[in-house]
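Read the numbers this way: they start at 1 and go in the same order the structure lists the ligands and their atoms.
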Amino acid sequence: MSLIANATPCVTGSSPIRHDWTREEIGVLFDLPFPELMFRAQTAHRQHFDPTEVQISTLLSIKTGGCPEDCAYCPQSARYDTGVEAAKMMSVAAALADAAAAKAAGATRFCMGAAWRSPKDHDLDAVCAMVEGVKVLGLETCVTLGMLSAAQARRLKDSGLDYYNHNLDTSPEFYGAIISTRTYQDRLDTLAHVREAGIHVCCGGIVGMGETREDRIGMIATLASLPEHPESVPINMLVRVGGTPLTDTEALDAFEFVRTIAVARITMPASVVRLSAGREDMSEETQALCFLAGANSIFYGPKLLITPNPAQDRDRALMQKLGLVPMA
Ligand code: SF4
């Protein structure tokens with residue numbers, strides 16, 4: 001009892017939206033005894049969401065492989081021999097057929113990803129047609145296409161796009177160890193263009209890439225001090241794909257992953273926190289802890305772009321065991 005009391009001098013009664021989180025404050029959250037951290041995350045979660053609801057998204061790769069960028073975690077980079085064949089962009093009709101199937105399986109948001117450094121303006125014709133078609137099906141839309149100019153962001157907004165995904169990946173300090181072909185500032189610029197266009201932001205990062213806890217703190221501090229918090233914050237566990245430079249990276253302890261989710265929940269209490277890549281290798285118990293820590297979104301479907309994801313039947317069974325229901 002005294003240990004807890006000493007370690008947790010103040011238990012928050014409310015979770016205001018703050019944009020001035022310091023690294024020190026975030027470090028203190030990471031250091032909390034696990035039950036206290038979970039309590040605070042639960043408290044924040046319940047002030048903004050129904051904790052039994054999970055938002056379901058489906059992610060489709062509309063243009064796979066052959067990417068000129070060098071993101072060290074990514075099997076779609078043309079620089080690494082990962083066995084991923086570069087393919088042309090899929091047709092609008094094929095993407096819409098996948099979207100209809102995702103809707104029938106319970107998804108409320110359909111995300112489409114293309115392995116580009118940034119889209120060419122003519123690529124956007126097809127992407128905008130996909131966005132318009134998916135909207136007609138009654139699904140929310142999200143795309144991830146790489147870096148965007150301000151004009152491209154406005155064009156996507158005009159097509160009806162709801163969300164744009166562009167991750168910060170990690171802390172500003174560790175970033176250079178992971179990617180050399182675009183800067184952290186490039187990423188922030190794209191996020192600013194997306195915001196200025198009036199599109200919701202989906203932005204998070206990847207843990208387990210060999211970064212330190214200080215880097216995880218730095219990543220969350222950057223996300224939580226954006227002028228507006230991303231509406232959606234995906235927290236990914238690295239999938240160590242053979243052929244990428246990170247294939248032999250030591251696995252991150254599951255509790256550290258859960259702590260990262262909990263700290264994201266506390267610092268960005270009104271954002272949807274997505275338990276994203278890496279679920280295929282996670283036990284049901286770890287995933288349940290992530291939901292307790294405030295994760296309230298998952299990707300549904302057998303593949304996450306090109307890496308495996310738990311089959312929908314397994315997800316349905318887990319949600320049923322935990323008494324979780326899809327968010328309307
Ligand atoms: S930009 Fe995207 S697709 Fe290209 S290497 Fe990086 S993560 Fe992969």
Side-chain angles (χ1 to χ4, degrees), residues 57 59-90 95 111-121 123-124 126-127 130 142-149 152-153 156 161 163-172 174-191 193-194 201-211 215 219 222-223 230 232-247 249 274 276-280 299 301 303-309:
S57 295
L59 178 58
L60 172 70
S61 178
I62 57 170
K63 191 270 164 195
T64 302
C67 182
E69 302 294 281
D70 69 350
C71 310
Y73 50 81
C74 184
Q76 300 203 68
S77 169
R79 297 163 191 250
Y80 313 133
D81 187 9
T82 60
V84 173
E85 298 280 333
K88 287 192 178 155
M89 181 157 56
M90 81 172 22
C111 310
M112 294 171 276
W116 288 318
R117 172 176 168 79
S118 54
K120 307 266 185 304
D121 287 341
D123 296 325
L124 283 187
V127 174
M130 289 175 187
C142 178
V143 296
T144 180
L145 314 172
M147 293 185 287
L148 287 187
S149 68
Q152 289 176 323
L156 286 165
L161 183 68
Y163 286 80
Y164 193 81
N165 164 263
H166 199 61
N167 289 333
L168 285 177
D169 285 355
T170 187
S171 68
F174 190 63
Y175 182 84
I178 300 297
I179 299 139
S180 73
T181 48
R182 68 177 71 170
T183 66
Y184 211 73
Q185 188 58 49
D186 288 332
R187 290 185 184 258
L188 292 168
D189 291 346
T190 290
L191 293 173
H193 296 325
V194 170
V201 170
C202 173
C203 180
I206 308 172
V207 298
M209 296 194 292
E211 78 285 347
D215 292 312
M219 176 181 82
T222 309
L223 290 167
S232 178
V233 180
I235 303 291
N236 298 277
M237 178 77 107
L238 174 70
V239 178
R240 292 168 292 171
V241 180
T244 63
L246 298 184
T247 184
T249 308
R274 179 171 303 132
S276 212
R279 282 200 306 124
E280 173 73 5
F299 276 122
K303 268 188 171 184
L304 264 188
L305 293 178
I306 60 150
T307 54
N309 199 41

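The nearest protein atom to atom 8 (Fe) of ligand 1, hydrogens excluded, is given as C74 SG, 2.3 Å; this is a heavy-atom distance. In terms of protein heavy-atom proximity, atom 4 (Fe) of ligand 1 is closest to C67 SG, 2.3 Å. Here the heavy atom of the protein found nearest to atom 1 (S) of ligand 1 is R182 NH2, 3.3 Å.
Contact check for W116 versus C67: no side-chain heavy atoms found under the 4.5 Å cut-off. Contact of the D121 side chain with the Q152 side chain is registered, since non-hydrogen atoms from C-beta on lie closer than 4.5 Å.
Between T181 and E69, the side chains place a donor N or O and an acceptor N or O closer than 3.5 Å (distance only, hydrogens not considered).
Proximity of R79 to ligand 1, defined as any heavy-atom pair under 4.0 Å, is not found for any part of the residue.
Cation-pi check for R274 over F299 is met; the charged atom lies under 6.0 angstrom from the ring centroid and within 45 degrees of its normal.
Taking CG from L191 and CG from L168, the interatomic distance works out to 5.5 Å, rounded to the nearest 0.5 Å.
Ion pairing of R187 with D169 is present here, as a side-chain N (NZ or NE/NH1/NH2) and a carboxylate O approach within less than 4.0 Å.
For ligand 1 and Y73, the ligand atoms under 4.0 Å from any heavy atom of the residue are 7 (S). Atoms of ligand 1 found under 4.0 Å from any heavy atom of A115 (numbered from 1 in listed order, with element): 3 (S).
Between atom 6 (Fe) of ligand 1 and C71 there is an N/O/S contact shorter than 2.8 Å.
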